[in-house]
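Here's the structure we're looking at; comments come further down.
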2 protein chains.
Amino acid sequence: MVKTLRLNRDRVLRAAIGLADEIGLEQLSMRRLAQELDVVPMALYKHVANKDELIDGMLDVIVTEIDPPAPGAEWKPAVRQRILAARQAMLRHRWAARAIEMRQAPTPAILAHMNSVIGIFRAGGLSATLTHHVMHALGSRVLGFTQELYAPDETRRPPDLTLFPHVLEIATAAAHENDSIVGAGCDDQFEFEFALDVLLDGFERLNDQNWTPPPFRYG
Amino acid sequence: MVKTLRLNRDRVLRAAIGLADEIGLEQLSMRRLAQELDVVPMALYKHVANKDELIDGMLDVIVTEIDPPAPGAEWKPAVRQRILAARQAMLRHRWAARAIEMRQAPTPAILAHMNSVIGIFRAGGLSATLTHHVMHALGSRVLGFTQELYAPDETRRPPDLTLFPHVLEIATAAAHENDSIVGAGCDDQFEFEFALDVLLDGFERLNDQNWTPPPFRYG
DNA sequence: ACCTGAACACCGTTCAAGT
DNA sequence: ACCTGAACACCGTTCAAGT
């Protein structure tokens with residue numbers, strides 16, 4: 001009788017995003033999501049083709065949240081702003097980066113975001129070839145995340161590093177506390193911006209030098 | 001009667017690596033591996049604690065394959081050589097990068113590799129703090145791979161890029177054929193070395209300028 | 001048009017039992 | 001000490017059936 005509570009694609013995607021925010025991507029299953037919506041698992045398949053398509057749908061919602069570019073800026077601050085805006089969207093949904101990694105093809109919203117960033121480089125005068133390599137060098141950073149190898153985890157006790165003295169020194173070297181090459185506090189704002197600026201400065205230098213691809217490539 | 005064909009940890013790891021090389025990490029299951037070894041699934045659990053520990057064991061074998069550092073070189077070529085050697089090991093086992101991403105903590109062999117690279121930076125005169133940030137900026141690259149968002153896949157037809165003209169231009173801009181921002185030929189040797197050199201050059205410049213961390217950090 | 005229920009072909013892992 | 005067999009608690013997805 002309560003027809004207004006019927007499922008639709010939007011309700012499924014929103015519930016899935018909320019559930020992933022709560023329990024993480026690994027725990028998100030079609031069965032668990034169905035349970036959350038008080039529905040039998042197979043009811044979901046009228047609104048998403050399968051689990052992969054569900055995740056694509058979730059990602060498109062997240063990526064569309066990324067703030068639009070600030071108009072009229074120089075290419076370097078403009079790209080910087082756009083990438084940091086993407087990072088904010090990723091921080092709001094900690095599972096999103098993993099989901100992007102898992103998928104085999106970009107969603108339309110991801111293509112649109114990349115198209116926008118490439119457009120900033122091109123409008124700033126970088127050649128198509130340089131922009132190509134620059135986009136590769138940025139990698140996942142263009143979507144606002146770095147694929148951190150070992151995420152912070154306070155629950156697990158830190159590994160014994162006495163056999164790896166250099167790692168130990170570096171792990172305690174950072175200015176901010178709780179920082180460790182294998183522990184907490186990494187991939188934070190500072191590390192992200194540090195690497196981003198090394199890359200953007202490098203791109204600027206290559207562009208200023210009118211970089212062209214080397215004539216021969218082996219392999 | 002054929003006691004010599006009994007299982008042991010080494011035989012399990014080798015079979016798992018071979019199987020992953022063949023069918024990929026996603027298809028590798030305890031049951032499939034047991035079948036390959038002509039054994040019942042539970043027989044494996046005498047030699048590896050569980051599937052995660054199996055993958056750690058596989059990774060340690062691969063990472064130990066990485067060529068040792070060339071002694072006596074300058075830090076920049078030495079780090080470069082070490083990272084490109086790691087890349088060779090990753091190329092021999094295409095599933096290894098994904099496996100490293102999946103694991104939540106570094107294996108001993110991975111820690112040893114990182115320790116060795118950090119040691120080269122420190123011996124070259126980079127400060128502990130700069131080395132810390134530099135290691136973060138390298139990310140997975142220190143292990144010889146970049147986490148390519150969208151791997152080549154010749155089986156799937158390329159997406160329609162007419163809505164994303166900048167992406168289309170960039171996709172056809174590279175000097176090598178079969179190249180596409182979403183398609184084949186990327187994360188190849190050239191793209192890897194391009195980004196690596198932008199980063200290493202940037203690190204060198206910061207070190208030459210006696211880089212020190214900024215006094216204040218917000219957040 | 002949308003939801004249901006049962007079933008299929010898988011998982012990783014436990015437990016108690018065999019040799 | 002090492003391997004087995006059955007079972008448990010899950011998966012994603014199919015199919016035919018309900019309303």
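Keep in mind that the numbers below use all heavy atoms, side chains included, and drop hydrogens, waters and symmetry copies. Order of the sequence lines fixes the chain letters, A, B, ..., with proteins taken first and strands second; residue numbering starts at 1 for each chain.
Here the separation of dA9(D) from dA9(C), taken at their P atoms, is 22 Å to the nearest Å.
Put simply, H47(B) has a side-chain N or O that comes within less than 4.0 Å of OP1 or OP2 on dC3(D).
Cation-pi contact between R87(A) and F192(A): present, with separation from the ring centre below 6.0 Å and deviation from the ring axis of at most 45°.
Residues L7(B) and R11(B) share a closest heavy-atom pair of CD1-NH2, 3.9 Å.
Under the 30°/60° scheme for interplanar angles, the aromatic rings of F194(A) and H133(B) are found to be tilted.
Contacts between residues 13-27 of chain B and DNA chain C, defined by a heavy-atom separation below 4.0 Å, involve no residue at all.
Remark: side-chain polar atoms of H132(B) are paired, donor with acceptor, to backbone N or O of I170(A) under 3.5 angstrom. Side-chain atoms of R141(B) do not come within 3.5 Å of backbone N or O of T146(B) as any donor-acceptor pair. Looking only at distances, a side-chain donor or acceptor of H113(A) sits under 3.5 Å from a matching main-chain atom of V142(A). Remark: side-chain polar atoms of H166(A) are not paired, donor with acceptor, to backbone N or O of I118(B) under 3.5 angstrom.
Across the protein-nucleic acid pair, L44(A) atom CG and dC11(D) atom P stand 13 Å apart, rounded to whole Å. For the pair I55(B) CD1 and dC11(C) P, the computed distance is 14 Å after rounding to whole Å. Across the protein-nucleic acid pair, R9(A) atom CZ and dA1(C) atom C1' stand 17 Å apart, rounded to whole Å. In this structure, Q35(B) places its CD atom 14 Å from C1' of dC11(C), rounding to the nearest Å. One can place CG of L7(B) at 13 Å from C1' of dT4(D), the figure rounded to the nearest angstrom.
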Report summary line: Each nucleotide of nucleotides 12-19 of chain D classed B (base within 4.0 Å of a protein heavy atom), S (only sugar-phosphate) or -, in 5' to 3' order, makes BBBB----
Give every donor-acceptor pair under 3.5 Å between a side-chain atom in residues 19-32 of chain B and any protein atom, sequence neighbours left out.
{"unit_1": "D21(B)", "atom_1": "OD1", "unit_2": "H93(B)", "atom_2": "ND1", "d": "3.0"}
{"unit_1": "D21(B)", "atom_1": "OD1", "unit_2": "W95(B)", "atom_2": "NE1", "d": "2.6"}
{"unit_1": "D21(B)", "atom_1": "OD2", "unit_2": "H93(B)", "atom_2": "ND1", "d": "3.2"}
{"unit_1": "S29(B)", "atom_1": "OG", "unit_2": "R32(B)", "atom_2": "N", "d": "3.0"}
{"unit_1": "R32(B)", "atom_1": "NH1", "unit_2": "E36(B)", "atom_2": "OE1", "d": "3.3"}

Contacts under 3.5 angstrom, residues 54-61 of chain A side chains, donor-acceptor by atom type, not counting sequence neighbours:
{"unit_1": "D56(A)", "atom_1": "OD1", "unit_2": "R103(A)", "atom_2": "NE", "d": "2.7"}
{"unit_1": "D56(A)", "atom_1": "OD2", "unit_2": "R103(A)", "atom_2": "NH2", "d": "3.3"}
{"unit_1": "D60(A)", "atom_1": "OD1", "unit_2": "T107(A)", "atom_2": "OG1", "d": "2.7"}
{"unit_1": "D60(A)", "atom_1": "OD1", "unit_2": "A109(A)", "atom_2": "N", "d": "3.1"}

**Report entry** Canonical and wobble pairing (Watson-Crick, G-U, under 3.5 Å) of DNA chain D, dot-bracket with |
**Finding:** ||.|||||...|||||.||
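Evaluation of the salt bridge (charged side-chain N to carboxylate O under 4.0 Å, His left out) rule for R122(A) yields E169(B) as partners, not counting sequence neighbours.
When the shell of 6.0 Å around CZ of R14(A) is examined, it contains 12 or fewer heavy atoms from other residues, nucleotides or ligands.
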